[in-house]
Amino acid sequence: MHIEREQLGSEVVLKVAGRLDTPNAKPFEASLMEVVTTTDGGLLVNLAGVDYVSSSGLRALLVAGKAMRTAKRKLTLSSLQPQIREVFDISGFSTLFEIT
Amino acid sequence: MSALLAESLISSLNVDARIDDITKATGWLGALAEDEGWSQATRFALELSLEEALTNVVSYGFQDSTAVPRIRIECYRLPEGRVAVRLIDNGMAFDPTTISEPVVPASIEDAKIGGHGVQLMRNFLETLAYAREGDENHLTLIAGKPD
């Protein structure tokens, strides 16, 4: 897994590549929560480079999503590959997150 | 569901009860997918399901157990292009097929953290079957149903 971070105005963009699986879930969650706790704008997670996600990866996004909602900040996901989108649809996560 | 024929066994792998060995298991399965020419859908279904099942075993299977962990994964070639993966462990008895579907939450505030692994396995697999054999859990994952 590889994560690149960019600042676009008040928004942080995390470009994620690789596998969001159980072994990578903790560092992925830590990267998300680092943005949640050290910045105060929106967060866009670009998943274009992610070719695999399991429930552990979903869980990390949900933890960050709940924290952002509590803080009344915007979390957006973008550029899901078709198989990743299917995992989001089956789990109901497509309706929980704003996806562009 | 226990009648997987020995001669159709392609490969087997022993792993330890630790998170890092999940990478070893999915890597082993990925190499088999290449060798056997599985479709992308079959590979994704089995890789995801093996990871979900193994994560449960490694995280919870030996929590209240004094047994020395033994975890073995077997892969079988089935008729009509199907593939079976069997996960065998001597952890606490756990039948994931009895887990009820999580309710789709109305909002992110209502969403419960966890519980999606079995839901994903059910959706991507053709068959998810469980048996307790002696002191072992036998979980069979089958994918690759022709369209």
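Lettering follows sequence order; numbering is per chain, from 1. Here the structure is a predicted model, which means the values were calculated and not measured.
The distance from atom OG1 of A:Thr95 to atom CD1 of B:Ile108, rounded to the nearest 0.5 Å, is 9.5 Å. Taking OG of A:Ser55 as the reference point, atom CD of B:Glu51 lies at 7.0 Å (rounded to 0.5 Å). The distance from atom CG of A:Leu58 to atom NE2 of B:His116, rounded to the nearest 0.5 Å, is 7.0 Å.
By the neighbour-count criterion of 12 heavy atoms within 6.0 Å, atom CZ of A:Arg59 is sparsely surrounded, having that number or fewer from other residues, nucleotides or ligands. Open room surrounds NZ on A:Lys15; 12 or fewer heavy atoms of other groups in view lie less than 6.0 Å from it.
Each of B:Leu120 and B:Ile142 belongs to its own hydrophobic cluster when Ile, Leu, Val, Met, Phe, Trp and Tyr are linked at side-chain heavy-atom distances under 4.5 angstrom. Side-chain heavy atoms closer than 4.5 Å link hydrophobic residues (I, L, V, M, F, W, Y) into clusters, and following such links, possibly through other members, connects A:Val53 to A:Val16. No single ILVMFWY cluster, assembled from side-chain heavy atoms under 4.5 Å apart, contains both B:Leu4 and B:Ile88. No chain of hydrophobic side-chain contacts below 4.5 Å, direct or via other Ile, Leu, Val, Met, Phe, Trp or Tyr residues, connects A:Val35 to A:Val13. Residues B:Ile10 and B:Leu141 share a hydrophobic cluster, clusters being chains of Ile/Leu/Val/Met/Phe/Trp/Tyr side chains in contact below 4.5 Å.
Contact tally against chain A (heavy-atom pairs below 4.5 Å) for B:Asn123, B:Asp110, B:Val104: the top residue is B:Asn123.
The two residues B:Gln119 and A:Ile90 have their closest heavy-atom pair at NE2-O, 3.3 Å. Nearest heavy-atom pair across A:Gln83 and B:Ala41 is NE2-CA, 4.3 Å. Nearest heavy atom pair, residue A:Tyr52 against residue B:Leu48, reads OH-CA, 3.2 Å.
Contact residues of residues 52-74 of chain B toward chain A are B:Glu52, B:Thr55 (heavy-atom distance under 4.5 Å). Residues of residues 21-30 of chain B that come within less than 4.5 angstrom of chain A, heavy atom to heavy atom, are B:Ile22, B:Thr23, B:Thr26 in numerical order.
Between A:Lys26 and B:Ile19, every side-chain heavy-atom pair lies at or beyond the 4.5 Å cut-off.
With a threshold of 4.5 angstrom between heavy atoms, A:Asp51 approaches chain B through N, CA, C or O but not through any side-chain atom. If you measure heavy-atom distances from B:Pro105 to chain A, the contacts under 4.5 Å come from both the backbone and the side chain. For B:Glu101, no part sits under 4.5 Å from any heavy atom of chain A, backbone or side chain.
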